[in-house]
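So that the names make sense, note that chain A is the first sequence line, chain B the second, and so on, each numbered from 1. Scope of the values below: all heavy atoms of this structure, side chains included, with no hydrogens, waters or symmetry mates. All values derive from a computational prediction rather than experimental measurement.
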Protein chains: 2
Amino acid sequence: MSETAIIHNRLPVLRAERGLSRKALAEALGVNYQTVGYLERGDYNPSLELALKLAAYFDLPVEMIFSLQPFTPLSRMAASGKGD
Amino acid sequence: MSETAIIHNRLPVLRAERGLSRKALAEALGVNYQTVGYLERGDYNPSLELALKLAAYFDLPVEMIFSLQPFTPLSRMAASGKGD
DNA sequence: ATGAAATGTTGTACATACGCAATATTTTGA
DNA sequence: TCAAAATATTGCGTATGTACAACATTTCAT
């Protein structure tokens, strides 16, 4: 597409919650461990395939992990009981 | 990633339901009209950005439009009342 | 039946996603 | 504190997503 949009993601939080290293997550997904780093830093966006695999891995909808709009912190969402 | 997986999609059905031409959908999404054709035919998968835009446009979760597993026809899902 | 709109096909070009390697820096645990 | 693990950085190679153009084929309304 024309201008590549920044896609916000909750990967660092989700990974932290489960105490996973990038290497461990990468292996579970079948990608290079550096790829996880690229994604977390926002160097580039995942392919749809990888996004679907991540969603399946974390058992969350894609939209809960990736969004065109900035995320509300999960801690705040949990406290208020409201989603985005 | 290693082998590029085939991602199944419900674009033709969704577009048919709303009586949209590819051109009209493409314009709503801000992409070339041929891109929609490529996606529907499975020539390639959309970027995550485009997938999120499509989901927003149709007001459906990404997983309802794209899946690593073949879809149950919507008609059958509607009849049984069960999802995938 | 005919012309217009929609869709399919082929080819070129470019940006981005991903792999892999090597090395630097930071964080962490014993 | 000090070594190991985790994370960051750079660079290079390949594959894929998207645009665009030109033309062929199919579908559809009148």
Side-chain angles (χ1 to χ4, degrees), chain A residues 1-58 60 62-71, chain B residues 1-58 60-71 74:
Chain A
M1 283 184 286
S2 33
E3 321 153 36
T4 299
I6 300 156
I7 299 186
H8 307 269
N9 76 77
R10 283 177 167 143
L11 289 181
V13 200
L14 295 174
R15 197 165 58 75
E17 275 193 334
R18 319 224 176 174
L20 283 170
S21 73
R22 288 185 183 165
K23 189 160 169 292
L25 177 55
E27 279 165 9
L29 297 167
V31 298
N32 193 280
Y33 81 97
Q34 291 171 319
T35 296
V36 176
Y38 287 136
L39 299 183
E40 292 192 359
R41 271 177 253 123
D43 281 2
Y44 52 67
N45 302 322
S47 64
L48 176 57
E49 182 184 353
L50 185 47
L52 287 173
K53 283 184 183 173
L54 278 160
Y57 180 84
F58 285 116
L60 290 172
V62 171
E63 284 88 346
M64 191 94 190
I65 310 182
F66 298 100
S67 170
L68 295 170
Q69 311 297 335
F71 280 115
Chain B
M1 283 183 285
S2 32
E3 323 154 36
T4 300
I6 300 156
I7 299 186
H8 307 269
N9 76 79
R10 284 177 167 140
L11 289 181
V13 200
L14 296 174
R15 196 164 59 74
E17 275 193 334
R18 320 225 175 173
L20 284 170
S21 73
R22 288 184 184 167
K23 188 160 170 290
L25 177 56
E27 279 165 8
L29 297 167
V31 298
N32 192 278
Y33 82 98
Q34 291 171 321
T35 297
V36 176
Y38 288 135
L39 298 182
E40 292 192 359
R41 273 176 252 123
D43 280 1
Y44 53 66
N45 302 322
S47 64
L48 176 57
E49 181 185 354
L50 184 47
L52 287 172
K53 283 184 183 172
L54 278 160
Y57 180 83
F58 286 117
L60 290 172
V62 171
E63 284 88 347
M64 191 92 189
I65 310 182
F66 299 100
S67 170
L68 295 169
Q69 311 298 334
F71 280 116
L74 288 177

- Task: Would you mind reading off the distance between B/I7 atom CD1 and D/dG17 atom C1', rounded to a whole angstrom?
- Result: 12 Å
- Item | Between D/dT16 (P) and A/L50 (CG): distance, integer Å | 15 Å
- Would you indicate what B/D43 reaches in the nucleic acid, counting non-hydrogen atoms under 4.0 angstrom: base, sugar-phosphate, or nothing? nothing
- Task: Considering just the side-chain nitrogens and oxygens of B/T35, establish if one lies under 4.0 Å of OP1 or OP2 belonging to D/dA19.
- Result: yes
- Look at the side chain of B/R41 and decide which nucleotide, out of C/dT9, C/dT7, C/dC18, has an atom nearest to it. C/dT9
- Task: Measure from OH on A/Y33 to C1' on C/dA22 and round the result to the nearest Å.
- Result: 9 Å
- To the nearest Å, give me how far apart CD1 (A/I6) and C1' (C/dA15) are. 16 Å
- Item | Short side-chain N/O contact from A/N45 to OP1 or OP2 of C/dT16, under 4.0 Å | no
- Counting heavy atoms from C-beta on, name the nucleotide in D/dT7, C/dT7, D/dT9 closest to the side chain of A/R15. D/dT7
- Task: Starting from C1' on C/dG19, measure out to CG on A/L39 and report it in whole angstrom.
- Result: 13 Å
- Short side-chain N/O contact from A/S47 to OP1 or OP2 of C/dC18, under 4.0 Å: yes
- Counting side-chain heavy atoms from CB outward, which of D/dT7, C/dG11, D/dT9 is closest to B/Y38? C/dG11
- Message: What contact category does A/Q34 fall into here, base, sugar-phosphate, or nothing, at under 4.0 angstrom with non-hydrogen atoms?
- Response: base
- Message: Just the rounded figure in Å: distance from P of C/dT26 to CD of A/E40.
- Response: 18 Å
- Item | Atom-to-atom span, OH of B/Y44 to P of C/dT10 - whole angstrom | 15 Å
- Message: Could you check whether any side-chain N or O of A/R15 sits under 3.5 Å from a backbone N or O of A/V36, counting only pairs where one atom can act as donor and the other as acceptor?
- Response: no
- In whole angstroms, how far is the P atom of D/dT16 from the CG atom of B/N32? 21 Å
- Note on the structure: Nearest heavy-atom approach of B/L68 to B/H8 is O-CD2, 3.6 Å
- Task: Measure the shortest side-chain to side-chain distance between A/Y38 and A/V31 over non-hydrogen atoms and say whether it is less than 4.5 angstrom.
- Result: no
- Query: Are the side chains of A/L54 and A/F66 in touch, meaning some heavy atoms are under 4.5 Å apart?
  - Reply: yes
- Is the number of heavy atoms from other residues, nucleotides or ligands under 6.0 Å of A/I6 CD1 greater than 12? no
- Message: Can you tell me which nucleotide in D/dT18, D/dA6, C/dC18 comes closest to the side chain of A/P46?
- Response: C/dC18
